Amino acid sequence: MNTQELRKEAHDLDVTVWVGKSGIEAVVGELNDQLADRNLVKAKFLRAALGGTTVDEAAADLAERVNAELIETRGKTAVFHR
């Protein structure tokens with residue numbers, strides 16, 4: 001499946017991972033588990049989670065930690081694929 005198709009599929013997904021003030025570390029395990037169950041997961045970054053970084057930077061960092069592909073970021077939401 002190419003990136004375009006994955007983006008279309010992700011469009012109707014609900015956010016199932018929230019990155020809050022506890023930061024990226026706190027959601028690595030949860031995102032890993034969800035990616036094991038399904039191939040696309042949508043995550044929302046709350047302002048408190050960013051601490052001076054951009055959503056793109058935080059999402060790229062999270063994708064690297066769970067060995068997933070970052071499909072897209074839009075606003076404060078990111079889509080991950082494995």
Side-chain angles (χ1 to χ4, degrees):
M1 212 180 250
N2 68 29
T3 305
Q4 190 73 28
E5 290 167 329
L6 290 168
R7 282 182 177 168
K8 279 183 186 165
E9 194 177 318
H11 184 272
D12 294 325
L13 278 184
D14 290 329
V15 172
T16 55
V17 174
W18 284 265
V19 185
K21 65 182 177 215
S22 300
I24 289 173
E25 287 290 326
V27 298
V28 168
E30 178 61 29
L31 182 56
N32 237 334
D33 291 347
Q34 289 193 26
L35 283 166
D37 289 342
R38 51 185 174 264
N39 69 343
L40 282 176
V41 175
K42 201 180 265 190
K44 180 110 179 188
F45 291 82
L46 305 179
R47 196 172 344 143
L50 298 174
T53 64
T54 66
V55 172
D56 288 339
E57 291 168 338
D61 183 17
L62 185 53
E64 198 173 296
R65 291 179 192 222
V66 298
N67 196 25
E69 183 184 358
L70 178 61
I71 299 301
E72 72 173 333
T73 58
R74 187 172 293 176
K76 293 198 178 338
T77 305
V79 178
F80 300 93
H81 173 258
R82 189 186 290 148

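These figures come from a predicted structure and were not determined experimentally. Index from 1, following the sequence.
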Return a table of donor-acceptor pairs under 3.5 angstrom between the side chains of residues 42-50 and protein atoms on other chains or two or more places apart.
unit_1 : atom_1 : unit_2 : atom_2 : d
Lys42  : NZ     : Ala10  : O      : 3.1
Lys42  : NZ     : His11  : O      : 3.4
Lys42  : NZ     : Leu13  : O      : 3.2

Could you list the donor-acceptor pairs under 3.5 angstrom formed between side-chain atoms of residues 75-82 and any protein atom two or more places apart in sequence or on another chain?
unit_1 : atom_1 : unit_2 : atom_2 : d
Arg82  : NE     : Val66  : O      : 3.4
Arg82  : NH2    : Asn32  : OD1    : 2.5
Arg82  : NH2    : Val66  : O      : 2.5

Note to self: Could you work out, with side-chain hydrogen bond (donor to acceptor under 3.5 Å, both in side chains) as the rule, every residue matching Asn39, not counting sequence neighbours?
What the structure shows: none
Next item on the list: Group every Ile, Leu, Val, Met, Phe, Trp and Tyr by side-chain heavy-atom contacts under 4.5 Å, then state whether Leu31 and Val28 land in the same group.
Entry: yes
Checklist line | Test salt bridge (Lys or Arg N to Asp or Glu O under 4.0 Å) applied to Arg7 - qualifying residues, sequence neighbours left out | finding: Glu72
Next item on the list: Could you list the residues that satisfy side-chain contact (heavy atoms from CB on, under 4.5 Å) with Asn2, not counting sequence neighbours?
Entry: Gln4, Glu5
Next item on the list: Could you please spell out the steps behind the side-chain contact (heavy atoms from CB on, under 4.5 Å) verdict for Leu70 and Glu64?
Entry: CA-CA 9 Å; Leu70 178 61; Glu64 198 173 296; over 6 Å; no
Notebook entry, point to check: salt bridge (charged side-chain N to carboxylate O under 4.0 Å, His left out): which pairs involve residues 25-38, sequence neighbours left out?
Noted result: Glu25-Arg65
Notebook entry, point to check: Which residue, Val17, Leu40, Val41, forms the side-chain contact (heavy atoms from CB on, under 4.5 Å) with Leu35?
Noted result: Val41
Next item on the list: Provide the closest heavy-atom pair for Val19 versus Ile24 in the form atom of the first, atom of the second, distance.
Entry: CG1-N, 4.0 Å
